[in-house]
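Written out below as structure tokens is the structure these notes cover.
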Amino acid sequence: MKLKNSYIPENSIFVTNDPRKNRWAIPFHHEAVNVRAQTLLDENIKHIKGKQILDLGCHFGTFSYIALQLGAESVLGVDSSVDLIKQAKEMYTESSVPEDKYDFISQDVIKYLENLSKKSFDSILCFGLLYYIPDNYHFLKLLKKVAVEAIIIDTFTAFYSLIQGKDAVEANSIIEEDIFKLPVMMHSLTQADKKYYSLPESFKGQNKKLSFLTCPTIPLLELYFKSLGFKFRKLDWSQHLKNPQKNWQDLISSQGKIDSHWTDIYSTDIRVSYLLTL
């Protein structure tokens, strides 16, 4: 993998304190965090350096912290988890980040965006959040209202709905691959109470709290961008891919996931990243 910089050291508390280092799909270990920092942030540096950044679904602020290291003027992180926001503030204090450079708010991101004035932030980070938002189009419309110049999105696509969960193998037996060439949305159920956070949009079913994964096909995602008047560019992960020959079907089974490298989700379009500009 070709990295220009080590954006965050291996002994950083943003790595050592993160319990998701061994998580499948998007781990938060040293390599993955740094590769994602380069692709999502540094390669879009003109929308980071000197800018006021809004980080939605910020967890405890890892990418906000890196944005500051890359020269962002200020960052504001929003997450629905009170515990994660508390942890973010503690970690920024421990890391001696100047208090005038950051803030963190625990709130539902839709409600927060709806109450913001137009053009409130130069750039918006939206990593690992879009597929937890029931109405993707409304969310993107709110992002357009709030952003001055750019939105960086990193999200799962409809392919993900067919590789996650115990029923993935059975579900694929009735799905024709041509469907992914069409602008359609795939929905699947997921537990609202995750291991490290809870989803704010949930309902009771099967004696547990459930929520929806809302995963668009790439044609639908790009149709949304076009209809909202965004200029958009799909970000390039090619220099970091370990198994560029894999396809999404290779990741359906448990063994396929075990044998995969974390960048396989990008080579197979299970996850995509975009720069949207206004």
Side-chain angles (χ1 to χ4, degrees), residues 40-41 44 47-48 50-68 72-93 97-156 185 190 192-194 196-203 209 211-216 221 224-225 227-232 274-278:
L40 299 171
L41 300 179
N44 298 297
H47 300 299
I48 303 296
K51 306 299 182 180
Q52 294 180 316
I53 306 293
L54 175 62
D55 185 0
L56 298 175
C58 65
H59 203 73
F60 50 55
T62 301
F63 288 99
S64 285
Y65 179 79
I66 296 172
L68 286 174
E73 175 62 28
S74 63
V75 295
L76 189 146
V78 182
D79 199 286
S80 61
S81 170
V82 173
D83 290 340
L84 287 173
I85 292 302
K86 179 176 180 290
Q87 192 173 1
K89 292 178 178 179
E90 291 171 349
M91 290 168 69
Y92 274 55
T93 298
V97 181
E99 292 184 3
D100 63 344
K101 288 289 187 179
Y102 70 91
D103 196 7
F104 289 97
I105 297 172
S106 175
Q107 191 172 338
D108 176 84
V109 296
I110 297 294
K111 292 178 181 177
Y112 179 75
L113 291 169
E114 287 176 340
N115 290 320
L116 276 181
S117 301
K118 292 181 179 180
K119 309 300 181 187
S120 296
F121 291 88
D122 295 313
S123 299
I124 300 176
L125 309 182
C126 179
F127 304 162
L129 177 63
L130 185 65
Y131 44 91
Y132 287 138
I133 304 296
D135 188 340
N136 284 186
Y137 186 82
H138 177 60
F139 179 60
L140 289 167
K141 193 173 181 179
L142 289 173
L143 297 185
K144 182 181 180 183
K145 179 193 82 167
V146 170
V148 173
E149 62 180 63
I151 300 153
I152 305 172
I153 290 178
D154 184 50
T155 189
F156 285 122
M185 183 72 75
T190 186
D193 292 325
K194 302 298 183 182
Y196 310 114
Y197 53 88
S198 295
L199 303 178
E201 301 286 345
S202 63
F203 57 92
K209 283 174 65 179
S211 187
F212 280 114
L213 286 179
T214 308
C215 298
L221 198 55
Y224 285 164
F225 299 158
S227 66
L228 287 168
F230 286 118
K231 298 175 184 177
F232 61 92
Y274 286 92
L275 171 67
L276 312 182
T277 53
L278 294 98

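These values consider heavy atoms only, across backbone and side chains, with no hydrogens, waters or symmetry-generated copies. These figures come from a predicted structure and were not determined experimentally.
Between Leu140 atom CG and Ile133 atom CD1 the span is 9.5 Å, to the nearest 0.5 Å. The NZ atom of Lys144 sits 11.0 Å away from atom CG of Leu276, with the distance rounded to the nearest 0.5 Å. Expressed to the nearest 0.5 Å, how far OG1 of Thr155 lies from OH of Tyr132 amounts to 10.0 Å. Taken to the nearest 0.5 Å, the CD1 atom of Ile153 stands 9.0 Å off from the CG atom of Asn136. Within the model, atoms NZ of Lys231 and CG of Leu275 stand 11.0 Å from one another, a figure rounded to the nearest 0.5 Å.
Qualifying side chain to side chain contact (heavy atoms under 4.5 Å, CB included) partners for Ser64, counting only residues two or more places apart in sequence or in other chains: Asp55, Val75, Tyr92.
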Between Lys145 and Lys141, does the side-chain contact (heavy atoms from CB on, under 4.5 Å) criterion hold? Intermediate values first, please. CA-CA 6 Å; Lys145 179 193 82 167; Lys141 193 173 181 179; over 6 Å; no

Passes side-chain contact (heavy atoms from CB on, under 4.5 Å), Ile151 versus Phe230? Steps please. CA-CA 10 Å; Ile151 300 153; Phe230 286 118; 3.6 Å; yes

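In plain terms, the two heavy atoms of Leu84 and Phe60 that are nearest each other are O-CB, 3.8 Å. The heavy-atom pair separating Leu41 from Ala67 by the smallest distance is CD1-N, 4.1 Å.
Lys119 NZ: more than 12 foreign heavy atoms inside a 6.0 Å radius. Counting non-hydrogen atoms of neighbouring residues, nucleotides and ligands closer than 6.0 angstrom, the NZ atom of Lys111 reaches no more than 12 such neighbours.
Formation of a donor-acceptor pair under 3.5 Å by the Lys101 side chain with backbone atoms of Glu73 is found in this model.
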